[in-house]
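Take this structure, written in structure tokens, and hold onto it; I'll ask about it next.
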Amino acid sequence: MLNKGIKRVLILGGGPSKIGQENELDNASFETALLLQKRHIKAFIVDNNPFSLTASAIQNKYVYTIEVNVKNVKQIIKNVRPDAIIATLGGLKAINVAQSLVTSGFLKEYNIQLLGMNDKALKMINNPYNIKRVIRTVNEPVVPSDIVSSEHEAFSIVREIGFPVIVKSIAAHENTHRQICQNSESLSDALVEGFNNSSVNKCAIEKSVVGYKQIEMVGVRDSEDTKILISGLEDIDPVGIHSGDSIVVAPIQTLTDPEYQALRNATFKIMEFLQVVGSCHVEFALDSSDGNYFITKINLNYNRNMALVERATGYPLQYVTTLLYLGVNLREVELPAEYHRLTAIIEPTIDHVVVKMPVWPFENVKNADEHLNTIMKSVGSTVGVGRSVEEAMLKALRSSQFSPKDILPSMREISNDELISQLIHPQINRFLVLIEAIRRGYQVEDLTELTKIDQFYFYKLKQLLITEEKIINHPLKLETIEAAHQNGFGDGMMSETWDVPIDYIKKLSMQAKSVPTYKMIEPSAGEFDENILSFYSSYEIENESSQFSSKTALVIGRGGNKLGPNTAADYYTAEILIQLREVGYKTIIINNNPNSLSLNPNLSDKRYIEPIQLGDILNIIRTEKPVRVFVPGNRHYLMKEIKKNQNLNVQILPPDQETGVMLPKKVTYALNFFVTQQSSYFITTEKLINNKSNGDINFITNYQIPFFINDDQLAKDIKISKNCISKSNWIGLVQILFNKEDGMYEYVGIRPLRLTETIFMSHATGINWIRELVKFYTNKLDEVELKNNINKLKVSKVFNMQANFPFKQLRINKKYGDSSQEVGARISFNEIK
């Protein structure tokens with residue numbers, strides 16, 4: 001029954017991004033906010049993440065830019081008086097806040113509904129004891145475990161169940177990991193950390209099921225108890241490696257039908273018992289020797305694997321979930337016109353394979369432990385989509401390497417001793433280690449024994465090696481190109497291996513009739529007539545994609561999440577898509593990050609989930625013939641090669657300026673300008689705060705707008721800045737750097753305004769500077785209007801943005817880092833007194 005009384009909904013945001021949480025929460029919140037507004041429900045949000053697109057989609061007066069905590073949320077509720085709150089889109093922090101509000105009776109006092117879960121379900125989240133009780137109540141198998149509040153109790157339990165065991169905090173202050181303990185010493189260490197991280201000073205001790213298969217199920221249920229399974233996910237890596245660090249495959253490849261149905265039924269039993277209204281994600285540990293399993297985790301809050309399921313199936317999971325929250329039943333759900341009317345009620349069937357490959361931060365964090373275990377370390381992921389496991393697997397690997405040249409790395413130099421060590425104790429390059437082990441002749445049975453990875457996947461890797469050998473030994477043969485394409489190898493790899501131009505490979509591909517065709521990602525495997533414009537490439541006869549428009553702008557996404565600009569870059573990309581639409585372009589995005597904002601179907605007219613590599617990009621350009629190409633971030637090789645191969649209007653944003661400019665080592669503040677061919681417009685001052693207190697520009701990760709300076713000095717600085725700009729011929733958003741030391745002010749350098757600071761300045765000034773850049777580079781900028789808007793600027797608040805680092809989650813004894821190590825940021829402001 002429709003909840004007609006709901007007129008105002010408060011969404012609890014996820015806060016700054018971190019390991020385990022990138023843009024998937026904001027993506028889901030954005031979807032929910034748009035749908036609420038469409039149904040004439042006022043959406044409010046509390047979040048201090050400066051890179052939240054949801055905050056941009058909601059009216060400013062409904063956005064609360066403060067930390068998500070109990071005190072702040074209570075005050076907002078008193079002011080706003082919402083009819084309901086949604087806590088499932090804000091990660092563990094939002095859940096903890098909701099638990100406190102329910103237990104204290106605050107929501108009841110103010111007659112507020114908690115959408116997406118009832119009290120029984122809420123009490124279970126992040127509480128192993130309650131999870132175990134739920135699982136036992138529905139007669140499903142649970143891993144032997146108990147709750148302890150002292151080391152003495154813990155050792156008593158271990159004497160009963162034996163080592164190895166897993167230790168996890170109860171009611172943790174933040175997302176925490178499950179520590180595997182093989183002996184008494186490691187157990188003692190884990191307990192100290194576990195008790196410290198628990199708000200109730202308790203830990204769960206459970207029997208280890210390390211080595212079991214990791215299987216995940218995602219389903220939805222409505223208030224009438226109609227349930228459907230959206231998808232199953234299979235982690236290639238066994239229990240013992242965090243699921244966030246595992247290679248994941250959809251649909252499930254290695255279970256028998258009875259095993260699959262047992263897990264599906266168990267998922268439904270959990271959803272029915274908890275009376276879930278919305279989506280539910282259940283994790284299992286399955287013993288492949290006998291098919292027995294344990295339920296290990298139940299998630300009702302949106303997470304990265306729910307996002308993966310949406311990308312893999314094309315099923316609009318969060319859209320449907322939001323309607324279920326509002327009391328609409330599955331049979332009543334009305335989807336947008338591009339979907340078949342029965343899509344919401346029918347379990348998805350997919351005729352392709354999706355493989356997710358993790359991305360790690362160790363390129364920028366050199367002293368972290370690169371071994372994979374129960375501590376999640378990946379900062380993002382990429383996906384490959386293909387018609388076979390081999391094709392999807394290799395496309396995912398290519399996507400995760402971040403090389404536009406499409407060169408596959410090799411582990412040929414590793415010694416046999418080190419190879420065996422890494423097979424037993426996997427590190428972040430373990431996929432390449434597995435390939436190298438097969439290359440050296442290791443038997444599949446032995447590899448499965450060492451790694452606990454199903455034999456099925458080693459046979460798939462063998463097929464990739466056979467194809468690689470064919471490429472090396474039979475160059476420039478048409479049958480070689482055909483085999484390479486069928487197994488996911490890119491034109492760029494063949495071009496590099498054979499040392500010939502990529503255009504020549506394209507010409508040979510035409511002769512071999514091995515040209516890419518594009519298949520739609522939709523949830524009925526072609527059974528229904530749907531028009532969901534998300535595509536992946538393969539090499540088949542039928543092509544489902546053609547040129548979308550004669551006025552198309554192609555945006556090349558950033559790919560998997562990395563440290564540095566991180567989630568800000570994805571927000572920036574999403575804003576470019578929004579603004580291109582505003583100035584009249586049809587928009588197409590190519591990206592391969594399953595958690596990306598830019599792949600949200602509300603933001604673009606068409607989407608390609610493909611590797612961000614030259615060959616794949618050129619194939620899409622040949623199909624779509626865009627009149628403009630936008631590349632967020634300075635990717636010089638890609639730009640150079642695209643311009644070389646196509647006569648295109650290609651633009652980097654933020655604008656790529658002169659190269660070879662030496663930036664200063666010491667800087668304390670900046671003046672930001674918008675520069676056109678005719679004029680330079682001063683916008684604001686900005687304080688650049690250095691964590692190491694030595695002024696080194698690389699360690700500036702905190703910012704303040706405005707930087708307070710007297711009028712006379714400001715006038716001098718503006719004059720110096722404009723003179724410098726006129727000599728540089730730079731355009732777009734330009735930052736002039738100054739250093740203040742011992743009362744002296746000195747000009748020290750010039751640079752393009754970084755994308756993180758562009759977003760920050762948009763918050764501080766109330767002007768969307770990404771919009772102004774897009775208008776400028778599409779010849780739509782009204783300079784008179786821009787000048788008037790800048791002249792009207794009156795900054796009445798002091799805005800601060802502070803970087804967030806991953807060191808605590810990576811167990812590194814370090815508090816601050818440089819700008820290449822940022823994982824997110826938080827924003828705050830104070831009134832100017």
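The structure presented is a predicted model; accordingly, all values stated were derived computationally and were not measured.
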Could you walk me through whether Asp235 and Lys213 pass salt bridge (Lys or Arg N to Asp or Glu O under 4.0 Å), step by step?
-> CA-CA 7 Å; Asp235 293 21; Lys213 279 186 181 180; over 6 Å; no

List the steps, then state whether side chain to side chain contact (heavy atoms under 4.5 Å, CB included) holds for Lys507 with Val500.
-> CA-CA 11 Å; Lys507 192 177 295 184; Val500 295; over 6 Å; no

Arg387 and Asp351: salt bridge (Lys or Arg N to Asp or Glu O under 4.0 Å), yes or no, with the steps?
-> CA-CA 7 Å; Arg387 298 292 272 184; Asp351 55 0; 3.6 Å; yes

Checking side-chain hydrogen bond (donor to acceptor under 3.5 Å, both in side chains) for the pair Gln486/Glu482: CA distance, chi angles, key distance, verdict?
-> CA-CA 6 Å; Gln486 292 294 335; Glu482 187 175 2; 5.1 Å; no

Distance (rounded to the nearest 0.5 Å) between Asp570 CG and Asn23 CG |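 It comes to 4.5 Å.
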
Between Arg412 and Glu436, does at least one N-O distance fall below 4.0 Å, as a salt bridge requires?
->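 No salt bridge links Arg412 with Glu436.
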
When rounded to the nearest 0.5 angstrom, what is the spacing between OG in Ser415 and CD1 in Ile420?
-> 9.0 Å

Heavy-atom neighbours of Gln511 CD exceed 12 at 6.0 Å |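 Yes - once you tally the heavy atoms of other residues, nucleotides and ligands closer than 6.0 Å, there are more than 12.
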
With the side chain counted from C-beta on, respond yes when Leu563 and Val379 share a heavy-atom pair under 4.5 Å apart, and no when they do not.
->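 In contact.
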
Between the main-chain N or O of Glu469 and the side-chain N or O of Asn473, is there a donor-acceptor pair closer than 3.5 Å?
->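 Between the backbone of Glu469 and the side chain of Asn473 there is a qualifying donor-acceptor contact (under 3.5 Å).
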
Please examine the side chains of Pro361 and Asn364, heavy atoms only from C-beta on, and report whether any two atoms are closer than 4.5 Å.
-> no

Distance in Å, Glu259 CD paired with Ile215 CD1, rounded so as to fall on 0.5 Å steps |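 If we round to the nearest 0.5 Å, Glu259:CD and Ile215:CD1 are 8.5 Å apart.
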
Backbone N or O of Gly380 within a donor-acceptor pair of the Lys562 side chain at under 3.5 Å?
-> no

Could you tell me which non-hydrogen atom of Asp616 sits nearest to which non-hydrogen atom of Pro611, and how far apart they are?
-> CB-O, 3.5 Å

At their closest point, which heavy atom of Val823 faces which heavy atom of Ser17, and how far apart are they?
-> O-OG, 2.7 Å

With a 4.5 Å limit on heavy-atom distance, are the side chains of Thr448 and Asp454 in contact?
-> no

Decide if atom CG of Asn367 counts as having more than 12 heavy atoms of other residues, nucleotides or ligands within a radius under 6.0 Å.
-> yes

Under a 4.5 Å cut-off applied to non-hydrogen side-chain atoms, are Asp26 and Leu597 in contact?
->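 Side chain of Asp26 against side chain of Leu597, heavy atoms only: contact under 4.5 Å found.
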
Is there a donor-acceptor contact under 3.5 Å linking the side chains of Arg398 and Gln613?
->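 The answer is yes; a qualifying pair exists.
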
Would you say the side-chain atoms of Glu522 pair up with the backbone N or O of Glu530, donor to acceptor, closer than 3.5 Å?
->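 Not at all, since once roles are kept as given, no pair shorter than 3.5 Å links the two residues.
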
Would Asn600 and Arg607 count as having a side-chain donor-acceptor pair, cut-off 3.5 Å?
->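 Checked: Asn600/Arg607 side chains show no N/O donor-acceptor pair below 3.5 Å.
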
Where Gln214 and Pro238 come nearest, the two heavy atoms and their spacing = NE2-O, 3.0 Å

Starting at OG1 of Thr497, measure out to CD of Glu468 and round the result to the nearest 0.5 Å.
->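 Result: 8.0 Å between the selected atoms.
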
Side chain to side chain contact (heavy atoms under 4.5 Å, CB included) between Ser231 and Val218, intermediate numbers included | CA-CA 6 Å; Ser231 182; Val218 175; 5.6 Å; no

Can Lys606 and Glu624 be counted as an ion pair, charged N to O under 4.0 angstrom?
->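 Here Lys606 pairs with Glu624 in a salt bridge, since their nearest N and O are under 4.0 Å apart.
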
Answer yes or no: is there an ion pair linking Glu610 with Lys395, defined by an N-O contact shorter than 4.0 Å?
-> yes

From Leu233 atom CG to Phe284 atom CZ, the distance as rounded to the nearest 0.5 Å |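 Nearest 0.5 Å value for the CG-CZ distance: 11.5 Å.
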
Nearest heavy atoms of Lys356 and Ser246, plus distance in Å = CE-O, 3.6 Å

Count the heavy atoms belonging to other residues, nucleotides or ligands that lie under 6.0 Å from OH of Tyr504, then report whether that count exceeds 12.
->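 For Tyr504, atom OH is not crowded (no more than 12 foreign heavy atoms under 6.0 Å).
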
Could you check if a side-chain atom of Trp498 sits within less than 4.5 angstrom of a side-chain atom of Thr480, using non-hydrogen atoms only?
->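 Trp498 vs Thr480: side chains touch.
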
Have Glu216 and Ser243 got a donor and an acceptor in their side chains that come within less than 3.5 Å?
->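 The answer is no; no qualifying pair exists.
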
Evaluate the side-chain hydrogen bond (donor to acceptor under 3.5 Å, both in side chains) criterion for residues Thr517 and Asn543: first the C-alpha distance (whole Å), next the side-chain angles of each, then the deciding distance (0.1 Å), finally the verdict.
-> CA-CA 5 Å; Thr517 55; Asn543 181 38; 5.1 Å; no

Working for side chain to side chain contact (heavy atoms under 4.5 Å, CB included), residues Tyr293 and Asp287 = CA-CA 6 Å; Tyr293 63 87; Asp287 187 344; over 6 Å; no

Where is the tightest heavy-atom contact between Val389 and Lys460, given as atom of each residue plus distance?
-> CG1-CG, 3.9 Å

Would you mind checking if Asp369 and Arg811 are paired as a salt bridge, meaning a charged N to carboxylate O distance below 4.0 Å?
-> no

Would you check if Glu24 and Leu308 make a side-chain contact, meaning some heavy-atom pair closer than 4.5 Å?
->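 SC-SC contact between Glu24 and Leu308 ruled out.
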
Check: Leu229 main-chain N/O paired with Glu347 side-chain donor or acceptor under 3.5 Å = yes

Start with the C-alpha gap between Asn595 and Glu22, add the side-chain angles, then the distance that decides, and say whether side-chain hydrogen bond (donor to acceptor under 3.5 Å, both in side chains) holds.
-> CA-CA 7 Å; Asn595 302 315; Glu22 40 182 313; 2.8 Å; yes

Do Thr552 side-chain atoms and Phe548 backbone N/O form a donor-acceptor pair below 3.5 Å?
->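 Between the backbone of Phe548 and the side chain of Thr552 there is no qualifying donor-acceptor contact (under 3.5 Å).
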
May I have the step-by-step check of side-chain hydrogen bond (donor to acceptor under 3.5 Å, both in side chains) for Tyr302 and Glu310, ending in yes or no?
-> CA-CA 11 Å; Tyr302 195 88; Glu310 288 205 67; 2.7 Å; yes

Can you tell me if Glu390 and Asn487 form a side-chain donor-acceptor pair at under 3.5 Å?
->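 No, because no side-chain N or O of Glu390 sits under 3.5 Å from a partner of the opposite role on Asn487.
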
Do Thr374 and His242 come within less than 4.5 Å of each other through their side chains, counting heavy atoms only?
-> no

Quick one: are the ring centres of Tyr608 and Tyr518 less than 6.0 Å apart?
->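 Yes, the ring centres sit under 6.0 Å apart.
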
Does Lys519 make a cation-pi contact with Phe535, if we ask for NZ or CZ under 6.0 Å from the ring centre and within 45° of the axis?
->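 Verdict for Phe535: no cation-pi partner in Lys519.
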
So how far is it from Ser509 OG to His485 NE2, rounded to the nearest 0.5 Å?
->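 Nearest 0.5 Å value for the OG-NE2 distance: 4.0 Å.
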
For Val359, does its backbone N or O pair with a side-chain atom of Ser400 as donor and acceptor, under 3.5 Å?
-> no

Please check if the side chain of Gln821 supplies one atom and the backbone of Asp818 the other of a donor-acceptor pair under 3.5 Å.
->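 Such a contact is found between Gln821 side chain and Asp818 backbone.
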
Residues Leu447, Leu434; criterion side chain to side chain contact (heavy atoms under 4.5 Å, CB included); working and verdict | CA-CA 8 Å; Leu447 290 172; Leu434 299 178; 5.7 Å; no

Val433 side chain reached by Pro426 side chain, heavy atoms, under 4.5 Å | no

Do NZ/NE/NH1/NH2 and the carboxylate oxygens of Asp237 and Lys452 come within less than 4.0 Å?
->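 A salt bridge is absent here (no side-chain N lies under 4.0 Å from a carboxylate O).
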
Presence of salt bridge, Glu363 and Lys366, under 4.0 angstrom = no

Nearest non-hydrogen partners of Ser596 and Asn591, listed with the distance =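 Where Ser596 meets Asn591 most closely, the heavy atoms are OG-ND2, 3.2 Å.
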
Modelled atom types, side-chain donor and acceptor of Asn592 and Thr382, under 3.5 Å =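 Note: Asn592 and Thr382 side chains miss the donor-acceptor criterion.
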
